[in-house]
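See below for the structure under consideration.
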Amino acid sequence: RVMSEETADVLIPFFRYLERCTTPADRVLVPGFHPNVQVYTGRPAAGGRLNIIPIYPNTPEARRRIVDTVAKQQVPFAVVSTRYKSMIWDAHPELGHYIDTQFRSLRTYPIYGSGTVDVRVNRSAPPRGTDAETGWPCFR
């Protein structure tokens, strides 16, 4: 399923925040199938994958390679939806563990009748300041 326009509407404040507080080189990790998130963030996909879904090569080596790639990149944010979380965590347990340990919840957005989207911030990304509008960390 493609991310609905309603979901994109809910995340508009986050997309605006990204413009203010990240650089064009910063990446966003989006496990699941949410191509609209990557388009609206205006940031490159983390892990070299626009979508991280179970049907892609799912060998232990391929799964480790995704996590290793993400760990080497500037990835201040992960966007995790309840729609895909259990499916992705089951198919890519290394990535699920990495997200759960490396990222903390910043803001959870309710999605009209279909769960939530949790915006998480990387615990090890050093902020350079604070966004005046949201009070969230800035990375530019």
Side-chain angles (χ1 to χ4, degrees):
R1 278 166 66 174
V2 176
M3 186 176 191
S4 71
E5 286 305 312
E6 292 145 352
T7 302
D9 288 346
V10 168
L11 290 174
I12 286 174
F14 173 65
F15 301 144
R16 290 183 178 145
Y17 158 75
L18 285 178
E19 290 175 19
R20 293 190 305 272
C21 288
T22 62
T23 71
D26 289 329
R27 294 172 182 267
V28 177
L29 178 59
V30 185
F33 184 71
H34 296 296
N36 288 352
V37 169
Q38 291 299 161
V39 170
Y40 289 122
T41 65
R43 301 296 180 256
R49 297 286 232 349
L50 181 60
N51 300 297
I52 299 173
I53 55 178
I55 63 170
Y56 288 136
N58 195 13
T59 64
E61 181 180 314
R63 294 190 314 257
R64 278 192 303 275
R65 194 169 34 250
I66 292 171
V67 173
D68 290 346
T69 300
V70 170
K72 293 175 188 172
Q73 296 173 328
Q74 295 176 167
V75 184
F77 298 100
V79 177
V80 179
S81 77
T82 54
R83 181 180 297 162
Y84 293 105
K85 184 180 178 193
S86 65
M87 177 179 25
I88 301 304
W89 269 232
D90 288 347
H92 295 273
E94 299 88 348
L95 182 62
H97 177 75
Y98 181 81
I99 293 170
D100 286 342
T101 58
Q102 288 298 122
F103 293 82
R104 67 174 174 80
S105 183
L106 181 66
R107 171 77 195 267
T108 301
Y109 293 91
I111 305 304
Y112 313 110
S114 62
T116 61
V117 173
D118 191 27
V119 174
R120 298 181 183 195
V121 63
N122 193 323
R123 295 174 192 275
S124 63
R128 295 185 179 182
T130 303
D131 180 44
E133 191 171 317
T134 62
W136 298 346
C138 275
F139 299 96
R140 67 171 14 194

Open item on the list: Does any part of the side chain of Q74, heavy atoms only, come nearer than 4.5 Å to the side chain of T23, both counted from C-beta?
Closed with: yes
Task: Listed once per pair and sorted, the disulfide bond (SG atoms under 2.5 Å apart) pairs that draw on residues 27-93, sequence neighbours left out - done: none
Open item on the list: Can you tell me how far apart CG (L95) and NE2 (H97) are? Round to the nearest 0.5 Å.
Closed with: 11.0 Å
Open item on the list: To check you understand the geometry: which heavy-atom pair defines the closest contact between P54 and M87, and what is its length?
Closed with: CG-CG, 3.4 Å
Task: Minimum side-chain heavy-atom gap S81-I111 below 4.5 Å - done: no
TODO: Look up atom CZ in F77 and atom OG1 in T41, then write down how far apart they are to the nearest 0.5 Å.
DONE: 11.0 Å
- [ ] Could you list all the salt bridge (Lys or Arg N to Asp or Glu O under 4.0 Å) pairs where at least one residue sits in residues 22-49, not counting sequence neighbours?
- [x] none
TODO: Evaluate the side-chain proximity of P24 to R140: yes if any heavy-atom separation is below 4.5 Å, no if none is.
DONE: yes
TODO: Could you name each residue pair satisfying salt bridge (Lys or Arg N to Asp or Glu O under 4.0 Å) that touches residues 86-96, not counting sequence neighbours?
DONE: R63-E94
Task: Among V80, L29, L106, the one residue meeting side-chain contact (heavy atoms from CB on, under 4.5 Å) with R120 - done: V80
Open item on the list: Quick test of your reading: applying disulfide bond (SG atoms under 2.5 Å apart), list the pairs with at least one residue in residues 59-140, sequence neighbours left out, ordered by first then second residue.
Closed with: C21-C138
Task: Pair Y40 + F14: ring centers closer than 6.0 Å - done: no
- [ ] Mind checking side-chain hydrogen bond (donor to acceptor under 3.5 Å, both in side chains) for D131 and listing every partner two or more places apart, or none if nothing turns up?
- [x] R20, T134
Open item on the list: Could you check whether any side-chain heavy atom of Y109 comes within less than 4.5 Å of a side-chain heavy atom of V79, counting everything from C-beta outward?
Closed with: no
Task: Point-to-point distance, once rounded to the nearest 0.5 Å, from CG of N58 to CD1 of I53 - done: 11.0 Å
Task: R64 CZ to T69 OG1 distance, which is reported to the nearest 0.5 Å - done: 12.5 Å
Open item on the list: Using the rule side-chain contact (heavy atoms from CB on, under 4.5 Å), only one of D68, V70, I66 pairs with Y98; which is it?
Closed with: V70
Task: With sequence neighbours excluded, residues passing side-chain hydrogen bond (donor to acceptor under 3.5 Å, both in side chains) with W89 - done: D100
Open item on the list: So V10 and V117, do their side chains get closer than 4.5 Å, heavy atoms only?
Closed with: no
Open item on the list: The test is side chain to side chain contact (heavy atoms under 4.5 Å, CB included); show your working for F139 and V121 and say whether it passes.
Closed with: CA-CA 11 Å; F139 299 96; V121 63; 3.7 Å; yes
TODO: Find the distance between CZ (R104) and CG (D118) and round it off to the nearest 0.5 Å.
DONE: 11.0 Å
- [ ] Identify the two heavy atoms, one from S105 and one from T108, that lie closest to each other, and give their separation to 0.1 Å.
- [x] OG-OG1, 3.7 Å
Task: Trace of the side chain to side chain contact (heavy atoms under 4.5 Å, CB included) decision for V75 with Q102 - done: CA-CA 10 Å; V75 184; Q102 288 298 122; over 6 Å; no
TODO: Could you tell me whether the side chain of I88 reaches within less than 4.5 Å of the side chain of I99, counting heavy atoms only?
DONE: no
Task: Within 6.0 Å of CZ in R128, more than 12 heavy atoms from elsewhere - done: no
